Amino acid sequence: MVINAPSLANINLLDFGKQVNELVEAGVQFFHIDLMDGHYVKNLCFPISVVKDLKQKYPNCLAEVHMMVDNPMDYIETLKQYGADYVAFHCDSTSFVRRTITTIQAAGMKAGVVLNPSQRIDTIEPYANLLDYIIFMSVEPGFAGQKFLPGSMERLAELARFRKGNGYDFKILVDGGVNYGIAADCVRNGADMLVTGIYMVFEQPDGIIGACDRFRNTLKDIECCI
Ligand code: DX5
Ligand code: ZN
C-alpha cells in the first residue's frame, strides 16, 4: 500500500498542532517535513526543532525530512538528536553526495537524495545503490501548492525503469502537486510514497480524516506496473 506522506508545509501555522493531531487520528504515520534555508530555495518554512516537537508528542510516527538547504551535512547531527527517521538532501546542494548519504546512514537514519525537475535521472547513478529513497520533485522546490509539472509522469516512469533495470531497491517518494486525478497513475509509474498537500488532504471538503480515508480507498488496489 502506498504511503500517505502529508507535507506539514501546507498547514496554516496558527492551526498547526490541531491539524497534526487530526492527521494522527486519521491514521497518518509518516510526515513530510520541508526544511528551507532561504538560500538553496528562496523561502523559509519551519525551524529544525519542529522535528523534535513532532517526535516528542508522537514517538511512533516517522519524521521524513526534505532538506532544501546549502551544506546539508551541517544539519545531520541535529536531525539525529531530534529523532528524524528519514533524511533527504538535494543532490546538487553539496559536492560530497556520497559522504552525506553515508553520514546520514551512519547516524541510524534512512538516506535519500532529491531530484529536481530539470535534473537527469542518471545523475544519481554513481550512488544509487546506496540510497534508501529518492524524493522525485514534480514541482520546482521551495513553495507548497504548485501544480504538478507537465512531463513529470514520464520522468517518474523513467526513474522506475532505471531502478528496475539496474536492480536498485530505493523507494520513490513523489513530491509536489499530487492530486486525486493523478495519484493512481503515480503509483502505477513507480511511486511508493506520495507527498500529500492541499490537493489531497488539506483544505478538503470532507476534512482531514475524510480525505485520508479517501486516499486509502482510492489507492488500495493500485500497483506499480513497471
Ligand atoms: C515544495 C515542497 C513540497 C510541498 C508539497 O518545495 O517540497 O513538499 O509542500 O505540497 P503540495 O503538493 O501541496 O505542493
Ligand atoms: Zn518537500
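In listed order, ligands and their atoms are each counted from 1. Remember, predicted model here, so these are calculated numbers, not experimental data.
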Q | Proximal protein heteroatoms (N, O or S) of the Zn ion (ligand 2), under 2.8 Å | A |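 Listed by chain and number: His32 NE2, Asp34 OD1, His66 ND1, Asp175 OD2.
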Q: Measure the shortest side-chain to side-chain distance between Met193 and Lys171 over non-hydrogen atoms and say whether it is less than 4.5 angstrom.
A: yes
Q: Could you tell me whether the side chain of His32 reaches within less than 4.5 Å of the side chain of Leu8, counting heavy atoms only?
A: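 They are not in contact (no side-chain heavy atoms under 4.5 Å apart), so the answer is no.
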Q: Name the closest protein heavy atom to atom 1 (C) of ligand 1, giving the residue it belongs to and the distance to 0.1 Å.
A: Phe143 O, 3.5 Å
Q.
Return the closest protein heavy atom for atom 12 (O) of ligand 1 as residue, atom name and distance.
A. Gly177 N, 2.9 Å
Can you name the atoms of ligand 1, numbered from 1 with element, that are less than 4.0 Å from a heavy atom of [X]?
{"X": "Gly145", "answer": "11 (P), 13 (O), 14 (O)"}
{"X": "Gly176", "answer": "12 (O)"}
{"X": "Ala144", "answer": "4 (C), 9 (O), 14 (O)"}
{"X": "Gln146", "answer": "14 (O)"}
{"X": "Ile198", "answer": "13 (O)"}
{"X": "Gly142", "answer": "1 (C), 6 (O)"}
{"X": "His66", "answer": "7 (O)"}
{"X": "His32", "answer": "8 (O)"}

Q: Pick, from Val174, Asn43, Asp175, the option with the minimum heavy-atom distance to atom 7 (O) of ligand 1.
A: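 Residue with the shortest heavy-atom distance to the ligand atom: Asp175.
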**Q.** same_hphob_cluster(Leu44, Ile33) at 4.5 Å side-chain heavy-atom cutoff
**A.**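 They do not share one cluster, since no chain of ILVMFWY contacts under 4.5 Å joins Leu44 to Ile33.
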Q: Kindly work out whether a path of hydrophobic side-chain contacts (I/L/V/M/F/W/Y, heavy atoms less than 4.5 Å apart) joins Val20 to Phe30.
A: no
Q: Would you check whether Met68 reaches within less than 4.0 Å of ligand 1, judged by its heavy atoms?
A: yes
Between [X] and [Y]: side-chain donor-acceptor atoms closer than 3.5 Å:
{"X": "Gln119", "Y": "Asp92", "answer": "yes"}
{"X": "Thr196", "Y": "Asn4", "answer": "yes"}
{"X": "Asn10", "Y": "Glu203", "answer": "no"}
{"X": "Asp70", "Y": "His39", "answer": "no"}

Q.
Determine whether the aromatic ring centres of residues Phe31 and Tyr58 are separated by less than 6.0 angstrom.
A. no
Q. Taking the six-membered ring for Trp, are the ring centroids of Phe96 and Phe89 within less than 6.0 Å of each other?
A.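 For Phe96 and Phe89, the ring centres are not under 6.0 Å apart.
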Q | Asp37 bridged to Lys42 by N-O distance under 4.0 Å | A |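 No.
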Q.
Between Arg214 and Asp206, does any NZ, NE, NH1 or NH2 come within less than 4.0 Å of an OD or OE carboxylate oxygen?
A. yes
**Q.** Location of contacts on Phe202 toward ligand 1, heavy atoms closer than 4.0 Å
**A.**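 None of Phe202 does.
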(Q) Side chain, backbone, both or neither: which applies to Asn10 and ligand 1 if a contact is any heavy-atom pair less than 4.0 Å apart? (A)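 For Asn10, only side-chain atoms sit under 4.0 Å from ligand 1.
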Q: Hey, can you tell me if Tyr133 and Tyr86 have their rings parallel, tilted or perpendicular (30° and 60° cut-offs)?
A: perpendicular
Q.
Would you compute the distance between atom CD of Glu64 and atom OG of Ser7 and round it to the nearest 0.5 angstrom?
A. 9.5 Å
Taking distance alone, with no angle check, do [X] and ligand 1 share an N/O pair under 3.5 Å?
{"X": "Pro141", "answer": "no"}
{"X": "Thr196", "answer": "no"}
{"X": "Ser7", "answer": "yes"}

